[in-house]
Amino acid sequence: MSRTAILYLNVFVIATCGLIYELLAGTLASYLLGDSVTQFSTCIGVYLFALGVGAWLSSFLDKSLARYFIEVELAVALLGGFSAPLLFLSFASLQFFSVVLYCMILVIGTLVGLELPLLMRILREDLDFKHLVSRVLTFDYVGCLLASLLFPIFLVPDLGLVRTSLLFGICNAVVGLWGTWVLETGLGGGVIFLRIRGVLVIVLLVAGFIKADSFTTWSEDQLYSDAVVYSQTSRYQRIVLTQRASGFQLWLDGNLQFSSRDEYRYHEALVHPAAMLTQRPKRVLVLGGGDGLALREILKYDTVKHVTLVDLDPAMTGLSARFPPLDELNGGAFRDSRVRVVNADAMIWLEQPDEPFDLVIIDFPDPNNFSLGKLYTRRFYRQLKSCLAEDAAVAIQCTSPLEAPRSFWCIVNTLQSAGFSVRPYRVSVPSFGVWGFALAQLKPFVVPQGCRGDLRFLNDRVVEALFQLPNDMQQVATEINRLDNQILVYYYDREWEIVR
Amino acid sequence: MVKTRGQSRGASAADLDRRDLLASFLGASGAVLLEGCQSRERDIGLPPGELVGPSVALGHRIRDGLRLSFPERELQATQVVIVGGGIAGLAAARRLHQEGIEDFVLLELEPEAGGTSRSGQSDIVAYPWGAHYVPAPTREFPALVQLFDEVGVFEGTDAVGDPVVAEEFRCRHPEERLYYKGIWYEGLYLASGASVDDHRQMTRFRAEMDRWVAWRDGRGRRAFAVPVAAGSDDPVVRALDAITMAQWLDQRGFDSPRLRWWVDYACRDDYGLRLEQTSAWAGIYYYCARIPEVGAAARPFVTWPEGNGRLVHHLYSGVRSQCLLGAAVTEVTPRQVEGKAVVDVLGVKAESQQLFGYRAERVIFAAPQFLSRYLIRDYRDNTPRHVTEFSYGAWAVANLTLSEIPQSEGFPLAWDNVLYESPSLGYVATSYQRGLDYGPALITYYYPLCDDDPRAARQRLLQLDREEWAEIALADLGRAHTGIRESAQRVDVMRWGHAMIQPRPGFVWGKARQLASQPFRGVHFGHSDLSGIALFEEAFFHGTRAAEEVLAALRGRVDSIL
Ligand SMILES: Cc1cc2nc3c(=O)[nH]c(=O)nc-3n(C[C@H](O)[C@H](O)[C@H](O)COP(=O)(O)OP(=O)(O)OC[C@H]3O[C@@H](n4cnc5c(N)ncnc54)[C@H](O)[C@@H]3O)c2cc1C
């Protein structure tokens, strides 16, 4: 190959690498920070700007262009190559992820911005300007096209982000090393030293490439296993939606709330036994349940006149109302005129409830901190009593009776101590395991009958069976969860610690 | 911005003195803490706030011998005048009211009733300015159980017959946490990093306390009871009052720094005194009086976001029509009129400066004892010695409104949040007690001034203004919460010159207390300081007791509820 052909090949490789780094940064940012539109557009913007900075800086370099070019190549190889692992690392252990991210984009972009102007000036000696510009830009854009096709089709699915970045780092390093021969005439002294450094960089990157697996499992372990389609940190919690072939999942503060694949089991079991018990629910209260999935089940009853949903986080209820996949899953529940959303702390709201309700569905996150633990206290259930109609039915999600029996029974026992008659039951939800609920009323009752015929999971026989607890889920003695002991949070911590 | 601090950083000598002064309030690392504030001070000025009562100016005028002349024929005749509308005065009024005496008036200097149990109200939550909890009473003090029952805090009785406090009136869990070198720990005893010997001493200390819990005198009385008057006066118990808590610990070889810190904290918290200043009797009282018997749990604290302000509200609402607020008593004169003993009470209304005067058959003096020498005519010229033996500590209290609850490392927010390395007592998470976990928050910061000389403490307290106390609170809490200055929206400050009676050695079992409790020519004394320790139960006890003395005098007999 002629010297110019080789240099054109270089342009092509450099362009591909450059775009790959940009795509990597954008992807990682939207994976880790969520809100992909913003992340992608800011990443691209900053990157393009940095390219400009690099191009501008190139005008200050006058002598030993070839040497600068090779130095830049090796630097890009190192920084770009290790960009993905570095970003993963800093997300896991740094507070200032976005600072690291944008600094990285700036530096890589600036270096990449230096590459082409330098190369063009080197090539100027072999070609007239007209051809130079047209060829270089052609190879540049073709390289970009290749990168943008390879990235989603082959690189991300097959290589993963970490390996992709290392691989293209290696490409950059090879270009640099190879350059020490192609451009040898323009290099002056110290060529051997440059070559040794080039080899070192390649060795480092290859070693990283080989070790990438163990690194990736380590860092992904700390994150979610599936693609993040939405994430947001609200004032109250971190909301993440992930997607996999079988459906999507909602996570609050890293705890799975549902998977669209099997949530119907959970939400049918949560709502219908209570609805059956109260027979013709008219005024319904939902505490928690900002995903709107319990609403969907409630709204199946024509007798329902209005539903008040009290959820702490406007970001959550807003997302459920407006984010199309969620809106679809909850059947547009938030657009139903019978539904009223109140964003408040349920315990504070209960101090002044507005009407007696005949059906109450309580779907709070598990009691893993004191602010949640208070929503499972005797005091809370007593407050609840003040807004119940005489024969109101209450259903409460109570974590897993199999994995966390003490926690489960603590909730049941606490409800009882607050003056409720309680019947615990459980259901199998593949994404969760065995999950527990409590059905409660202010007077003794029997397992309700008369299940609707249009449900995916429940029918009368299944409802009856839900209340038959197997031997490994029988009642255990616990303390009563109170505001002044928050014993449930301690039970819960201990039991799920063991499971994890 | 701190007014007294110069605009430029090349501050004048006076400014530097001022900074040193502020630093001296913050313990060993004071200067560093203030440094931290100052570097950010340019961007973040001090949040606004108010300096709240008590009415120092009027108090000083009374002290300096305010003499009013009031025409005798305009004196309003009334059966009983109560001077002071703190817990004691209100309890006295309640007792009179219970017995059907309506012809009385309660005169309170401040525009609000409650004294050192007063509270305030913000948009977020009501908050305390002083007292904020009472350990749940037991069946041994039925009158107090009755009072709490009226307020509606009980939900039945336990197996031994003691009332059970409903959970919403107890301290919300977690009750306490302690900040030490960058991390919050659960509880108030610094267990993390304690040596085997530390633990051993702690166990031994608890055993000593258990011994006192179990102790009974020849008449079956407990060594330490609620109220104090129900406890034993056995020489063994009284002997504890002869030494300081520090000496008591020394004598028993308790030298564990953590243990001593813990006991010192207890003394500062309850009495505003350090180990070396507190009577061992009072120090041990704190640990033993609220434990019914060995092995039993200590009585839970009854509390509200506004602290004992809730109790003030309850007591006040029962006798509202007989209370005259903003009415400073300036003179109490026992005299004989037509062969009958009466007591003339003169005073001035704080707002209108209008004078008033009453002629009463009896007076209940429910203001602090030290005021008697300025108010009671006979005491002015001839102050009894016992009056001068009452000494009071000085406290600053700040209520901080924050845009959100401060972030913290380690154990999460608790009701009571204490800083190991600070001379303050830390803060009570007032809005947390209200159940508010998100959004704007309010915390109450307590700072006792534990100087050896109470006058020096008062001087130090009053020499700092609102801004400077706010600065101290923010710098102090900044140790544990770096963002607190940014999130502070308001800092309101209360300076209590005579906050609490001090149980220094010799006072609780000395003569002064007994002598001061004796009625003087129709004036019956009822302030909590007569117990030697400043507690709600004692204020309630003495107010009620004084009212019963008056009832007995007026009617010949009374069935005591005490
Ligand atoms: C910062 C602080 C924290 C405390 N924390 C607690 C606690 O948590 N638990 C607890 O049990 N106790 C606590 N205390 C103790 C508290 O003082 C007592 O509980 C109780 O409130 C004392 O009531 P009292 O009526 O005896 O006295 P005071 O509260 O002193 O009442 C005396 C009243 O007399 C009025 N007065 C004075 N002079 C005149 C005059 N010339 N004319 C008319 N009126 C006059 C005063 O304005 C005042 O209202 C605390 C005290 C302080 C200062």
Side-chain angles (χ1 to χ4, degrees), chain A residues 95 233-237 252-253 288 290 310-316 342-352 364-365 367-386 410 414 417-419 479-493, chain B residues 123-126 133 135-136 152-156 158 164-177 184 186-187 297-305 402-405 407-417 429 431-442 482-483 487:
Chain A
Q95 260 183 311
T233 303
S234 77
R235 254 178 76 192
Y236 306 103
Q237 56 197 346
L252 297 182
D253 285 337
V310 183
D311 191 289
L312 181 62
D313 192 352
M316 187 61 237
V342 179
N343 291 120
D345 184 327
M347 190 148 191
I348 304 292
W349 185 83
L350 270 185
E351 288 173 6
Q352 286 164 324
F364 292 129
N368 60 15
N369 63 43
F370 296 131
S371 309
L372 287 168
K374 79 176 179 194
L375 305 174
Y376 294 84
T377 54
R378 185 178 56 179
R379 167 69 181 159
F380 183 83
Y381 296 136
R382 283 184 176 165
Q383 273 181 294
L384 180 67
K385 277 161 77 176
S386 68
C410 175
T414 301
S417 80
E479 282 189 54
I480 301 305
N481 187 40
R482 296 190 320 240
L483 277 175
D484 64 322
N485 68 7
Q486 291 262 15
I487 192 73
L488 177 60
V489 173
Y490 293 94
Y491 286 149
Y492 185 86
D493 253 18
Chain B
D123 295 343
I124 306 168
V125 66
Y133 69 87
V153 303
F154 297 136
E155 51 173 27
D158 64 14
V164 176
V165 179
E167 64 194 285
E168 61 270 31
F169 303 115
R170 299 177 177 213
C171 296
R172 192 173 161 195
H173 183 88
E175 189 169 321
E176 299 150 336
R177 63 172 182 167
W184 288 98
E186 183 169 15
R299 295 296 286 164
F301 290 168
V302 183
T303 192
W304 298 267
L402 309 173
S403 57
E404 61 188 343
I405 221 57
Q407 293 292 314
S408 47
E409 287 290 317
F411 195 76
L413 186 72
W415 173 68
D416 194 11
N417 304 269
S431 53
Y432 179 73
Q433 181 64 25
R434 167 77 182 78
L436 304 175
D437 291 338
Y438 311 97
L442 190 144
T482 31
S487 74

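It should be emphasised that the depicted structure is a prediction, and the values quoted were computed from it without experimental measurement. Each chain gets a letter, A, B and so on, in the order its sequence line appears, and its residues count up from 1. The analysis underlying the following values was restricted to heavy atoms, covering all of them including side chains, and did not include hydrogens, waters or symmetry mates.
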*Asks:* Please classify the contact of A/Glu351 with chain B as side chain, backbone, both or neither, using a heavy-atom distance under 4.5 Å.
*Replies:* side chain
*Asks:* A/Arg379, A/Arg482, A/Met347, A/Gln486: which one forms the most heavy-atom pairs within less than 4.5 Å of chain B?
*Replies:* A/Arg379
*Asks:* State the OG1-CD distance between B/Thr482 and B/Gln407, to the nearest 0.5 angstrom.
*Replies:* 9.0 Å
*Asks:* So which of A/Thr377, A/Asp484, A/Asn485 has the biggest tally of heavy-atom pairs under 4.5 Å with chain B?
*Replies:* A/Asp484
*Asks:* Is it the side chain or the backbone of A/Tyr490 that comes within 4.5 Å of chain B heavy atoms, both, or neither?
*Replies:* side chain
*Asks:* Please flag which part of A/Arg378 lies under 4.5 Å from any non-hydrogen atom of chain B: side chain, backbone, both or neither.
*Replies:* both
*Asks:* With only heavy atoms counted, which part of B/Gln433 is less than 4.5 Å from chain A, the side chain, the backbone, both or neither?
*Replies:* neither
*Asks:* Measure distances from B/Glu175 to the heavy atoms of chain A and classify the residue's part below 4.5 Å as side chain, backbone, both or neither.
*Replies:* neither
*Asks:* Taking side-chain hydrogen bond (donor to acceptor under 3.5 Å, both in side chains) as the definition, give me every residue that meets it alongside B/Ser403, ordered by chain and number, with sequence neighbours left out.
*Replies:* none
*Asks:* Ignoring hydrogens and geometry beyond distance, is a side-chain donor-acceptor pair present between B/Arg172 and B/Thr303 at under 3.5 Å?
*Replies:* no
*Asks:* Side chain, backbone, both or neither: which part of A/Ile348 has a non-hydrogen atom closer than 4.5 Å to chain B?
*Replies:* side chain
*Asks:* Taking only Lys NZ, Arg NE, NH1 and NH2, and the carboxylate oxygens of Asp or Glu, determine whether B/Glu155 and A/Arg382 approach each other closer than 4.0 Å.
*Replies:* yes
*Asks:* Hey, does B/Tyr432 have a side-chain heavy atom less than 4.5 Å from the side chain of B/Ile405?
*Replies:* no
*Asks:* Do the side chains of B/Arg177 and B/Asp416 get close enough for a salt bridge, i.e. N-O under 4.0 angstrom?
*Replies:* no
